[in-house]
Novice: 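Quick one: the structure is below, and I'll ask about it shortly.
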Number of protein chains: 2
Amino acid sequence: MSQHRNEVPSGPTDPTASVPDVRDLSSGTGQQLPELPEATVARLPEYLRALHHFAEAGHETVSSEALASAAGVNSAKLRKDLSHLGSYGTRGVGYDVVVLVGQIESVLGLTHRRAVALVGIGNLGHALAGYGGFASRGFRIAALLDADPGRVGERINGLAVRHIDDLEAVMEEHRINIAVIATPVQAAQSVAERLVAAGVTSILNFAPCVLTVPDGVDVRKVDLAVELQILSFHEHRKASAASSPNGSALAERRRAEEPVSS
Amino acid sequence: MSQHRNEVPSGPTDPTASVPDVRDLSSGTGQQLPELPEATVARLPEYLRALHHFAEAGHETVSSEALASAAGVNSAKLRKDLSHLGSYGTRGVGYDVVVLVGQIESVLGLTHRRAVALVGIGNLGHALAGYGGFASRGFRIAALLDADPGRVGERINGLAVRHIDDLEAVMEEHRINIAVIATPVQAAQSVAERLVAAGVTSILNFAPCVLTVPDGVDVRKVDLAVELQILSFHEHRKASAASSPNGSALAERRRAEEPVSS
DNA sequence: TAGATTGTTAATCGATTAACAATC
DNA sequence: TAGATTGTTAATCGATTAACAATC
């Protein structure tokens, strides 16, 4: 989904190589860019959310144990993750909440609110357009686009739906790099191609299909039915596990079932 | 999120141990339960979706290369994943589409349609209740619940919204094991507890919080803002990478930004 | 100083991948 | 038989975790 760079920052004869530095300072712009494992990146937003809770509760510091518990991970993993950002904790005390919030926001690129375009204002698109969680967590929905002329002009949270024909103009106007695709599956690939051509480099895809995009474009996919199917596997396993040791007919007793119509 | 069992199916003196069997037949009910890596489980729904496309296009067989491409993975990974289900391909030919669909559906527990309860019929809940993708992929939304008396009785796709006070009765009535939480974050934990007490063992959580549930209950979380924040990290990194080698001021030129109001 | 807690180490575990023998 | 493609091996990589020395 996203490419990894396994380059070693400094060669064996580099005079700085003897000083281990957890940060990759290769950018040289004063903006440090740590080399972050993907698994760590995926957890940072959860830490950030938990930290905001501690901040609202008036905590000035938080221990790795408390923060990890609030984020649903173990403390060793949390400390390992945070160590990739550098050292921002104090032994015997914990982490300064405000400092850590700032550090994570900085690493995630959330110091500035990012403009997002939402394409496909149907059932789900409507819900996403009205979702307050984006605004409070670093994003601004800057454009709504739909192919149905009947929906063009409709206002959601004060923002008017534009026709998909205006996609290129709208993206240019707002300088949008991130788009959410909530169109029918048939339209998703061609919409993605137009978005990329218009400068989008990150896509969140709700359509149940694989998008083909050029290198350098990141795609994340959310498929609601897939999530349920994964849960179904675990349901199935739990039911079988309960039935097998003693052959109990009570297995899956609570499972509601009916033939699949295919 | 879900516990792993690392038990070896048979001991060193087990007479069957000399015959390697990819399937864990410990269930003894004739229902084979392969020991499946979580990463594999998470990809099976994607293979299933791709297989349905091939079936609709009239293909009777499909090669690992073609199926992997349609699912967005490489063919080695696909073959490794499918090998955990047993051997269902034919060398020189590929996989029988219909057979493989049946095998994956069987492993995922999708041979019977599963009843799902949806709690929280707000913005997002409405969209989920109207989403056709659940019905076509193995699920039936059997109950809608909300705490707002003003919403009770409203019908979505012919199903009436029930009051949350009736949660226990509704879950018992439909024998529901899987629930989707789309409530405000403040309500999510207590709703989860009531669902678990009423027999739910799998939860798909859209509320931006960590749910605490007993062992044996599986929770999957979908957080839309988290997905965007992960994309934001990659946007940030791409912009920095573009600027650092030559110090170009054009870096992040396209990034729309404004101060975060916190 | 004593207690608390971080940052890091090292062992372990799970997932990915290329390559190729097996075999249709 | 020749060509195609699977199933498996083995090497590699990345992620997790417990433990504890460092240190506030």
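Below, chains carry the letters A, B, ... as their sequence lines are ordered, and counting in each starts from 1.
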Novice: Give the B/S/- string for nucleotides 18-24 of chain D, one per nucleotide from 5' to 3', where a protein heavy atom under 4.0 Å of the base yields B, of only the sugar-phosphate yields S, and otherwise -.
Specialist: BB--BBB
Novice: In whole angstroms, how far is the P atom of dA15(D) from the CG atom of Leu44(A)?
Specialist: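 Atom-to-atom, Leu44(A) to dA15(D), this comes out as 13 Å.
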Novice: For His84(A) and dG7(C), what is the distance between atoms NE2 and C1' respectively, to the nearest whole Å?
Specialist: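 These atoms are roughly 11 Å apart.
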Novice: Ala225(B) and Phe134(A): which non-hydrogen atoms are nearest, and at how many Å?
Specialist: N-CE2, 4.0 Å
Novice: Under a 4.0 Å N-O cut-off, is there an ion pair linking Asp218(B) with Arg237(A)?
Specialist: no
Novice: Nearest whole angstrom, please: distance from the C1' of dG14(D) to the CG of Asp81(A).
Specialist: 13 Å
Novice: Return the value, rounded to whole Å, for the distance between atom CD of Glu38(A) and atom C1' of dA15(D).
Specialist: 13 Å
Novice: Enumerate the side-chain hydrogen bond (donor to acceptor under 3.5 Å, both in side chains) contacts for residues 49-58 of chain A, please, sequence neighbours excluded, ordered by first and then second residue.
Specialist: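 Residue pairs with at least one partner in residues 49-58 of chain A: Glu46(A)-Arg49(A).
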Novice: Return yes when atom CD of Glu60(A) has more than 12 non-hydrogen atoms of other residues, nucleotides or ligands closer than 6.0 Å, and no otherwise.
Specialist: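 No, CD of Glu60(A) has 12 or fewer neighbouring heavy atoms, counting only those of other groups under 6.0 Å.
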Novice: With rounding to the nearest 0.5 Å, note down the distance linking OG1 in Thr40(B) to NZ in Lys77(B).
Specialist: 9.5 Å
Novice: Wobble G-U and Watson-Crick pairs count when both distances are under 3.5 Å; given that, what is the 5' to 3' dot-bracket string of DNA chain C, with | for pairing to other strands?
Specialist: ..||||||||||||||||||||||
Novice: Reckon Tyr95(A) has a side-chain N or O less than 4.0 Å from the OP1 or OP2 of dG7(C)?
Specialist: yes
Novice: Side-chain donor-acceptor pair under 3.5 Å between Thr201(B) and Asn177(B), yes or no?
Specialist: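 No, no side-chain donor-acceptor contact under 3.5 Å.
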Novice: Does a side-chain heavy-atom distance below 4.5 Å link Tyr47(A) with Leu100(A)?
Specialist: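 No, every pair of side-chain atoms sits at 4.5 Å or beyond.
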Novice: With a 4.5 Å heavy-atom cut-off, do Leu110(A) and Leu48(A) have their side chains touching?
Specialist: yes
